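By convention here, the first residue in the shown sequence is residue 1. Just so you know, these numbers use all the heavy atoms, side chains as well, and skip hydrogens, waters and symmetry mates. If you're wondering where the values come from, they're calculated on a predicted model, not measured in any experiment.
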Amino acid sequence: MRVDRQFAAVLLCFAMSGFAALLYQTAWLREFAFVFGTAELAVVSVLAAYMAGLAGGAAIAGRIADRIRRPILVYGALELGIALCALAVPFGLRLATRVYVFLFGGLSSPPDEGQLTGTLFYAVSSFLILAIPTGLMGITLPLLARYAIRKQEEIGSRIALLYAINTGGAVVGTLSAAFLLLPAIGLRSTVYVGALINGLIFLVAVLVARSAPAIEVEVAPTTPSRQEPRRGWILPLIAVSGAVSFGFEVLWTRLLGQILGGSVYAFATMLASFLLGITLGSAVASRFANDARSSARGFAFAQLGTAAASLTAYSALGWAPDWARAIGASSHAALAPNAIVAAAFLLPAALFIGATFPLAVRILAREASDAPTASARVYSWNTLGSIVGALSTGLFLLPALGFEGLVQLACATNLLLALATCGLSKPALRVPAIAAALALAALGALPPAPPWEIMRTSPAPQHVARGGGTHKAV
C-alpha cells in the first residue's frame, strides 16, 4: 500500500540519519582531539556536548511537535540543517582557537589542559559549536512520532521501531567511520559523506511530504481524568536508568580496554556492540509495549535483566583474558575477534537497556496524540541522566568505589528502579517486586569481588603484566 511505502521510506531515512550522526560523532572526536591536544578531554567534551544538544533538541520538540502539520517536510529541513551545521564545525573550531589565543596567548605558558580554566574553555567551546547540529538531531524522533503514530495501539510498537532503526543505522555508522571511511578518505571527506547523506534524506523527505496528508492540529488537547493515575513518575526513573546505563558503558570501556586497548578502533567496537544491543532490545520491547501496565511490567523486568546480565558478565571477567588470547583479540587484532569480546560482555545488558526507552514512552503516553510529546520528554530526561551518569562515573564514582563497588552500586540501583516501578504502577506489580527484593538481598550478601585477572592484563597481544595490579581506577 502507498502508506506502507511512505513509512518504509521514512524508516530508511531515519536509519541513514543515525548512520550520518555517528559518522559525525566519530569524526568530531578525532577533530576535536587535534585541537584540544588530548583525546581524553576531547571525548569528555564532545560526548557531553553531543548528549546535551540531543536533550535540548528533544525538550524543544516536546513543545512544538504537536503543532506541526507537515512533520515529514520539517524533518527533511532539519536534516538539511544538520548537514550545513556539520560543514560549519571546522569554522567553529578555528574561531575557538582564535579566542583561545586571544585569551591565553599573552601568558608565559598556556593553562594546563587538566586545570579548571582549560577544561571549562574546551567544554564551553564544544557545546557552542555542537549545540545547533545536535539539537536538530534531538528533534527528529519526536517529530517522526508525530507522523508515524495515529492509533493508540501503535504507540509502543512504532516508537520502538523508530528508535531501533535509528540506532541500527548508528551501529553501522560507528564501524564505517572508524574502520573504513576515516582510514580510507580522511576526516574531512568523512564529514562530507555524512552531509551528502543528510542532503539525500532531505530530498526523499520532500518527495514523501508531497503525497503525505497534513496532520490536523488539536486546538484543545485532552486532559486526563481525575480517576486515571498519573504517569509522570516514569520520567525520573528513566533519567536514573540512563545514568546507570552510561555508568556501565564507562565501566566496560575501562575494563575491556585492558584487552582491546584504548584506540579509536577499540572505542568504536565497544560502542557498536552497546548500540547493537540497544537496537535489538528496542525491537524486542515492541512486543511488550501494548499498554501502560504491560509496559510497566516490562520496564521492571528490563531493570532486573540489566542488573543480572551486568553482574553475570562482570563475574566472567576472570576467564576473559585467556579466552581473548585464544581467539586472537588484542589492541592490534582485526575487527572480528575484538567484536566478539565486546559483544560477549556488552550486548546482553544492552538488550535490556534498549527496551527501557519504548516501554517508558508507552507508560507516559495516554493516547496517540500524546506520543510525540511523551517521546520527547522521555528522550530528554533519559539523555540528561546519561550525561550525569557518564560524568559522575568517570570523575567520581569509579575512582572512589573501584570496579567492584561501582558494579554493586549500579546493579543495586537497577533493582531499586524495578522496585520503584512496581510500587508506582497502579495496581502494584507483585512478581517483579519479589524478584527485585530477593536479588537485592543476594547482592548485599554476596558482593562482587575485584577483577584482579583482567587488571593484570595488558592490551598488548600475548602479554600478561606481572605484579599485583590494582582495582582502583586512576
Taking side chain as C-beta onward, heavy atoms only, is [X] less than 4.5 Å from [Y]?
| X | Y | value |
| --- | --- | --- |
| Pro142 | Tyr379 | no |
| Thr306 | Val244 | no |
| Leu351 | Val284 | no |
| Leu304 | Asn414 | no |
| Trp323 | Val341 | yes |
| Val378 | Leu235 | yes |
| Phe357 | Ile278 | no |
| Leu181 | Leu23 | yes |

Out of curiosity, [X] [atom1] to [Y] [atom2], how far, rounded to the nearest 0.5 Å?
| X | Y | atom1 | atom2 | value |
| --- | --- | --- | --- | --- |
| Ile353 | Ser245 | CD1 | OG | 3.5 Å |
| Ile363 | Ile155 | CD1 | CD1 | 12.0 Å |
| Leu130 | Leu93 | CG | CG | 8.0 Å |
| Leu335 | Tyr265 | CG | OH | 11.5 Å |
| Phe299 | Thr421 | CZ | OG1 | 5.0 Å |
| Leu346 | Thr253 | CG | OG1 | 7.0 Å |

Nearest heavy-atom neighbours spanning [X] and [Y]:
| X | Y | value |
| --- | --- | --- |
| Ile259 | Ala324 | CG2-CB, 3.6 Å |
| Pro447 | Gln408 | CB-NE2, 3.5 Å |
| Pro358 | Ala289 | O-CB, 4.5 Å |
| Ala390 | Met51 | CB-CE, 4.5 Å |
| Ala86 | Pro90 | O-CD, 3.8 Å |
| Tyr163 | Gly354 | CE2-O, 4.0 Å |

Can any side-chain N or O of [X] pair as donor or acceptor with the backbone N or O of [Y] at less than 3.5 Å?
| X | Y | answer |
| --- | --- | --- |
| Ser282 | Ala160 | yes |
| Ser189 | Tyr192 | no |
| Ser286 | Ala283 | yes |
| Ser17 | Cys13 | no |
| Arg325 | Gly328 | no |
| Ser375 | Pro372 | yes |
| Gln258 | Thr457 | yes |
| Thr140 | Met137 | yes |
| Thr279 | Gly168 | yes |
| Asn338 | Thr269 | no |

Exercise. Evaluate side chain to side chain contact (heavy atoms under 4.5 Å, CB included) for Ser294 paired with Phe288, printing each intermediate quantity in order.
Key: CA-CA 6 Å; Ser294 62; Phe288 301 95; 5.9 Å; no
Quiz prompt | side chain to side chain contact (heavy atoms under 4.5 Å, CB included) between Leu271 and Gln25, worked out | solution = CA-CA 12 Å; Leu271 178 60; Gln25 186 188 83; 3.7 Å; yes
Quiz prompt | Aromatic Tyr75 / basic Arg146 pairing, under 6.0 angstrom, 45° off normal | solution =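 No cation-pi geometry.
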Practice problem: With sequence neighbours left out, write down each residue that passes ring pair (Phe, Tyr, Trp, His ring centres under 6.0 Å) with Phe345, or none if nothing qualifies. | Solution: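 So Phe345 forms a ring pair (Phe, Tyr, Trp, His ring centres under 6.0 Å) with Trp252.
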Exercise. Take the angle between the ring planes of Phe246 and Phe274 and call it parallel below 30°, perpendicular above 60°, tilted in between.
Key: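 Plane angle over 60°, so perpendicular.
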For the [atom1] atom on [X], are there more than 12 heavy atoms of other groups (residues, nucleotides or ligands in this structure) within a distance under 6.0 Å?
| X | atom1 | value |
| --- | --- | --- |
| Ile132 | CD1 | no |
| Arg377 | CZ | no |
| Arg287 | CZ | no |
| Phe127 | CZ | no |

Practice problem: Show your working on side chain to side chain contact (heavy atoms under 4.5 Å, CB included) between Arg30 and Val264 and close with a plain yes or no. | Solution: CA-CA 8 Å; Arg30 183 81 62 89; Val264 65; 3.4 Å; yes
Quiz prompt | Derivation and outcome, side chain to side chain contact (heavy atoms under 4.5 Å, CB included), residues Thr356 and Gln303 | solution = CA-CA 8 Å; Thr356 59; Gln303 298 299 330; 3.7 Å; yes
Exercise. Give a yes or no on whether the ring-centroid distance for Trp28 and Phe32 is below 6.0 angstrom.
Key: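 No: the rings miss the under 6.0 Å criterion.
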Practice problem: Please say which of Val74, Ile201, Leu200 ends up in a side-chain contact (heavy atoms from CB on, under 4.5 Å) with Glu79. | Solution: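 Answer after filtering Val74, Ile201, Leu200: Ile201.
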